[in-house]
Amino acid sequence: MKKFVNDPKDFVPEMLKGIALANPDTLKYIPEYNLIMRKDIPMANKVSIMQGSGSGHEPAHVMIVGKGMLDAACPGNVFAAPPADFVYQTTKLVAGPMGVLHLLNNYTGDTMSFDMGRELAEADGIEVRTVVINDDVAVKDSLYTIGRRGVAGNFFVIKAVGAASEEGKTLEELEAIGNRVVEVTRTMGMALTGCTPPGKGSPIFTLEDDEMEMGIGIHGEPGRKRVKIEPANKIVDELFEAVADDLPYVAGDEVALMINGMGGTPISELYLLYAHAHEIAEKRGLKIKRNYVGEYCTSLEMAGFSLTLVKLDPELERLLAAPAEIAIRTF
Amino acid sequence: MKKFVNDPKDFVPEMLKGIALANPDTLKYIPEYNLIMRKDIPMANKVSIMQGSGSGHEPAHVMIVGKGMLDAACPGNVFAAPPADFVYQTTKLVAGPMGVLHLLNNYTGDTMSFDMGRELAEADGIEVRTVVINDDVAVKDSLYTIGRRGVAGNFFVIKAVGAASEEGKTLEELEAIGNRVVEVTRTMGMALTGCTPPGKGSPIFTLEDDEMEMGIGIHGEPGRKRVKIEPANKIVDELFEAVADDLPYVAGDEVALMINGMGGTPISELYLLYAHAHEIAEKRGLKIKRNYVGEYCTSLEMAGFSLTLVKLDPELERLLAAPAEIAIRTF
Amino acid sequence: MSKNVEFVVKSIADTALKNEQYFSDLDAVCGDGDFGYSIARGFEKVLTEWDNIDRTNPGTFLKEVAKIIMSAVGGVSGSIWGTTFLRAGMTLGAKEEVSKEDIVPMLRAVIEGIKKRGNCDLGDKTYLDTLVPTTDVIETALAEGKDALEILDLATQVSADAAEATRPLIAKKGRAAYTGERSIGTLDAGSVALATMIKALNEAWRA
Amino acid sequence: MSKNVEFVVKSIADTALKNEQYFSDLDAVCGDGDFGYSIARGFEKVLTEWDNIDRTNPGTFLKEVAKIIMSAVGGVSGSIWGTTFLRAGMTLGAKEEVSKEDIVPMLRAVIEGIKKRGNCDLGDKTYLDTLVPTTDVIETALAEGKDALEILDLATQVSADAAEATRPLIAKKGRAAYTGERSIGTLDAGSVALATMIKALNEAWRA
Ligand SMILES: Nc1ncnc2c1ncn2[C@@H]1O[C@H](COP(=O)(O)OP(=O)(O)O)[C@@H](O)[C@H]1O
Ligand SMILES: Nc1ncnc2c1ncn2[C@@H]1O[C@H](COP(=O)(O)OP(=O)(O)O)[C@@H](O)[C@H]1O
Ligand SMILES: [Mg+2]
Ligand SMILES: [Mg+2]
Ligand SMILES: [Mg+2]
Ligand SMILES: [Mg+2]
């Protein structure tokens with residue numbers, strides 16, 4: 001296992017400790033619940049926003065806690081939804097008078113934990129609303145009763161409700177904004193390699209030297225189909241078509257375009273991919289108002305990327321452009 | 001080769017095109033010289049700062065062009081210094097009345113190209129000064145006549161002179177600031193895997209499943225010694241000691257601490273490494289005033305990291321804290 | 001308090017720890033490879049806190065085990081295995097001892113709890129597909145007056161067959177579901193885990 | 001213009017392209033694995049622009065080749081191979097033809113240029129370590145009145161031996177230098193390239 005790790009069981013807590021040590025003025029770390037939260041939360045005039053999800057998707061979600069983004073994140077172990085108890089305890093800790101918004105990527109495990117956590121918090125009199133994110137077009141709604149997965153598109157939901165919550169919007173308003181973003185966001189991903197959870201010690205799946213996996217999730221789950229590696233532009237073509245034709249996004253639409261790295265793909269390659277995605281978008285008549293190239297929601301050290309389109313309206317564009325501060329930063 | 005690439009010869013230009021398409025308002029791309037430069041440069045009241053270096057170290061240097069950082073970068077091919085002609089042409093394009101500062105990482109190839117490029121520019125009447133960055137303690141000064149390598153510490157030189165140039169400092173002043181940062185900056189890196197330049201198609205070196213390489217450079221050059229993989233904290237211990245004892249950094253010193261990913265190591269692991277580095281620093285009595293965790297100077301998709309310490313004084317701290325805007329960004 | 005309940009829980013916990021890698025590997029074929037790790041962490045915490053678990057009565061003991069699992073394990077496994085022990089404990093109420101007659105009602109309550117929490121049913125390729133036929137055979141055997149060892153043998157056999165019979169099914173729940181038809185021909189990790197636990201319990205009982 | 005000069009440059013360029021992978025692999029052992037790629041890109045550009053290169057006289061031709069290389073290739077290789085053709089061209093000046101007598105002064109000028117640009121000397125494990133003994137043997141052979149084919153044979157032999165003789169040296173320049181003592185026992189990529197080029201030229205000459 002080619003990883004920086006001490007005891008694999010300490011992988012997540014040691015990472016969380018690092019985040020807290022690097023941001024002593026703004027963040028609080030509560031080891032019992034894998035919890036990273038803003039120090040200045042709860043606030044009287046602001047809904048608190050939290051997300052759980054498994055670990056292994058960093059920077060999502062523990063590293064995007066901060067002003068204008070998440071107020072707290074309580075991830076489970078690597079690729080495992082948080083225990084229901086984490087969700088409950090975190091909800092209690094962040095709850096202010098305006099209530100708590102739960103964001104969750106649509107997976108059975110996360111849904112179960114957040115359902116149980118929410119029930120317990122509501123029993124304590126805390127008002128909770130939930131936005132379920134399911135932007136992955138690789139998994140079709142009709143085919144599986146659990147519905148589409150939530151993947152890198154969750155960034156846009158977080159950014160929009162995060163900005164709106166700083167403006168003092170109510171829980172209902174935030175829920176509506178979150179759902180509106182989900183409706184206009186679509187993603188598809190692919191991988192050149194598998195990835196190795198520290199607790200497992202070996203790759204979840206392996207691909208031959210000339211193979212890639214299309215329609216991958218963010219937990220190392222195999223995807224839609226395994227095919228021979230193609231030139232970068234061909235791969236972008238395929239993902240772009242699957243994503244753009246799903247909503248669909250049509251000529252004249254104003255959009256945000258994201259190329260999200262899966263953890264092991266260098267940023268040089270992500271910009272190469274962006275170049276072609278940008279050109280396809282323009283050829284289709286889409287107007288790129290905002291673009292995102294980098295790592296937003298990863299699968300440990302997996303080599304691969306996902307492509308996300310968001311259809312913008314003036315309010316959403318304003319929320320995406322609003323300033324925000326998060327744990328990870330360049331300067 | 002598990003990479004996103006079309007024709008390997010187009011790897012660098014396609015990446016540069018992506019950077020330009022993603023930043024249409026602020027950056028200009030000139031394909032003939034692999035040149036990414038600020039649109040608003042040259043300015044009458046500001047020295048222009050440029051760096052070349054090879055490609056494959058992204059975000060350094062093409063993705064850190066922007067206000068308060070570099071004004072231009074003209075990289076060579078992957079891991080190859082830019083041709084002398086690129087340096088010359090770029091110098092001419094960015095030169096304003098206050099002159100041009102060349103930053104270069106100390107490698108024979110870069111030095112040769114920048115020497116030739118500078119000679120040609122000076123012949124045209126352009127005033128040029130050069131700061132040579134050589135922060136890598138893995139390579140000892142005394143042993144090799146070419147001197148120590150420049151690695152991730154170059155970020156601090158760029159950030160400091162970038163901020164100072166925005167304040168209108170003169171070329172001489174910037175040269176002095178750059179050299180002062182070089183004097184107080186030390187780095188050492190290591191790798192768990194090799195990396196594959198697209199034009200080569202196979203890894204530069206390979207490590208067995210249980211091996212790591214200590215004292216690595218940023219071009220896939222093998223390092224000081226090849227040893228069995230150790231727990232993360234042990235690796236941090238070794239790098240920290242080599243770095244801290246070199247200057248040395250002593251109890252009471254105010255420092256900046258950087259954990260820089262080499263391209264293929266996920267940010268989760270980088271924060272895990274940071275946690276331990278932070279604790280060692282505190283144990284040694286160093287006061288961490290600023291910290292940096294992420295990718296600053298990479299070797300394509302190599303798994304590994306480097307650790308950098310910078311000794312701060314009030315002015316340097318102020319320059320590092322000054323705002324800056326670069327091509328890569330989260331929002 | 002009933003030593004048998006403790007014995008069963010201890011045996012299940014030991015089996016989960018011993019088979020961590022094996023169970024994760026099963027989940028990796030079509031899922032995300034965390035199943036073995038997840039339940040191992042849960043049962044590990046159960047064993048760590050073993051001596052301090054409230055033993056007022058078997059029902060309380062089982063409910064405390066459930067809470068430990070639910071605070072240590074996330075998502076599907078935490079919820080499903082937590083629900084398992086929670087429902088079993090709730091069925092017992094404040095009874096001082098567990099009798100033969102309690103077994104089937106406990107298992108039926110577990111099945112209902114899992115169906116509700118997991119929003120799943122027979123044939124979805126989950127651990128229900130092994131739990132239900134195993135419960136059925138235990139019910140029949142108890143009615144026929146078979147003894148504990150005979151029943152354990154039957155349960156071992158039926159659960160092994162049931163786990164093997166998940167192969168042709170399409171996974172409809174959990175992360176394995178995302179692979180759709182590619183899950184055909186693979187074993188359901190949760191089912192194999194259950195069969196493995198029953199087999200180990202059978203062996204431990206005789207030892 | 002002297003067809004021989006064109007023939008030599010063309011042969012060197014072809015050899016660089018044909019051996020791209022091999023030369024890169026040699027550099028990868030202790031360097032950064034870009035040597036073959038770098039010079040291939042330079043000579044590729046030379047061949048692409050071949051028909052349009054200024055052929056006023058051999059000196060101009062060589063200087064133009066140098067400029068193409070220096071605009072296409074960065075760092076050590078661009079500077080060193082650019083300097084090579086630049087110095088050779090400068091030595092010829094405006095001469096219409098290249099004669100036997102020009103060869104050694106050209107090579108000596110190249111050696112001086114590389115020493116200056118590369119801040120290196122014999123024994124540093126660079127391509128000088130092959131160029132210098134090869135130049136020496138050519139000088140002697142010319143003085144002894146040997147003919148072109150004999151001289152090519154000698155140069156092929158001596159350059160191959162010299163390249164092989166770089167093995168025990170410690171690399172003191174270029175990226176290979178960073179490996180220090182570990183460079184002992186490896187071949188210098190630049191030296192092998194030069195020997196390979198001379199051997200290929202010898203063969204092409206006879207074909
Ligand atoms: N909705 C569900 N209801 C009941 N059991 C389920 C459900 N989804 C999955 N399972 C069981 O859980 C096992 C996988 O557990 P685990 O790997 O921890 O969950 P996840 O799919 O979230 O990674 C499956 O093999 C199956 O037996
Ligand atoms: N300072 C120098 N002067 C002359 N030749 C050199 C020098 N450094 C390296 N070389 C030659 O260049 C070759 C390596 O070229 P290349 O790989 O392009 O350079 P780099 O070391 O910058 O990657 C070496 O094999 C050696 O023959
Ligand atoms: Mg899971
Ligand atoms: Mg090189
Ligand atoms: Mg799983
Ligand atoms: Mg090289």
Side-chain angles (χ1 to χ4, degrees), chain B residues 8-9 32-34 52-56 74-89 107-113 115-116 136 138-140 143-146 148-149 194-205 215-226 299, chain D residues 20-42 44-45 66-83 86 113-114 116-121 124-126 170-183 186:
Chain B
K9 285 174 205 158
E32 294 90 298
Y33 317 123
N34 278 358
S53 180
S55 292
C74 57
N77 228 304
V78 171
F79 294 165
D85 191 45
F86 289 14
V87 176
Y88 170 48
Q89 303 292 347
Y107 294 95
T108 314
D110 296 79
T111 308
M112 285 187 192
S113 287
D115 278 357
M116 290 171 83
D136 185 4
V139 177
K140 290 268 174 284
L143 203 55
Y144 311 103
T145 49
I146 35 178
R148 292 194 316 232
R149 296 180 290 216
C195 62
T196 301
K200 179 160 155 36
S202 57
I204 286 178
F205 65 93
I216 200 89
I218 53 168
H219 300 90
E221 321 88 300
R224 246 188 204 185
K225 59 175 182 181
R226 189 166 293 193
S299 291
Chain D
E20 175 175 342
Q21 187 67 44
Y22 173 48
F23 293 165
S24 277
D25 289 346
L26 286 169
D27 186 38
V29 180
C30 271
D32 58 356
D34 63 349
F35 173 65
Y37 181 82
S38 293
I39 63 168
R41 293 297 78 73
E44 191 173 56
K45 196 165 175 205
K67 280 191 199 160
I68 294 172
I69 291 172
M70 283 197 282
S71 74
V73 189
V76 171
S77 283
S79 304
I80 294 298
W81 293 82
T83 300
L86 197 65
I114 289 171
K116 192 165 162 238
R117 178 55 63 201
N119 187 25
C120 65
D121 215 330
D124 285 355
K125 196 162 187 161
T126 72
I170 291 198
K172 297 220 185 77
K173 297 288 164 185
R175 284 186 180 138
Y178 299 114
T179 54
E181 317 224 317
R182 279 163 57 172
S183 64
T186 67

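Chain letters run A, B, ... following the sequence lines, proteins first, then strands; residues in each count from 1.
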*Sorted by first residue and then second, give each side-chain hydrogen bond (donor to acceptor under 3.5 Å, both in side chains) pair with at least one member in residues 72-82 of chain D; sequence neighbours left out.*
none

_Shortest non-hydrogen separation from Met112(B) to Gly118(D) and the atoms involved_ = CE-CA, 3.3 Å

*Where does Phe205(B) contact chain D at under 4.5 Å (heavy atoms): side chain, backbone, both or neither?*
neither

_Among Pro197(B), Gly215(B), Ser113(B), Pro75(B), which residue has the highest count of heavy-atom pairs closer than 4.5 Å to chain D?_
Ser113(B)

*Go through the atoms of Cys30(D) and report whether side chain, backbone, both or neither lie under 4.5 Å from a heavy atom of chain B.*
backbone

*When rounded to the nearest 0.5 angstrom, what distance separates NE2 in His219(B) from CG in Asp34(D)?*
8.5 Å

*Who among Gly52(B), Pro83(B), Gly109(B), Pro8(B) has the most heavy-atom pairs with chain D under 4.5 Å?*
Pro83(B)

*asked:* Please find the pair of heavy atoms, one from Arg182(D) and one from Arg226(B), that lie closest to each other, and give the distance.
replied: NH1-N, 4.0 Å

*Structural part of Ala72(D) lying under 4.5 Å from a heavy atom of chain B*: backbone

*Closest-packed option against chain B by number of heavy-atom pairs under 4.5 Å, given Glu20(D), Arg117(D), Lys67(D)*: Arg117(D)

_Which residues pass the side chain to side chain donor-acceptor pair (under 3.5 Å) test with Ser71(D), not counting sequence neighbours?_
Lys45(D)

_I'd like to know which of Ser24(D), Gly74(D), Gly82(D) tops the heavy-atom pair count under 4.5 Å against chain B._
Gly74(D)

_Using 0.5 Å steps for rounding, measure from the CD atom of Glu44(D) to the NZ atom of Lys9(B)._
4.0 Å

_Given heavy-atom pairs under 4.5 angstrom as the criterion, report whether the side chain, backbone, both or neither of Thr111(B) touches chain D._
neither

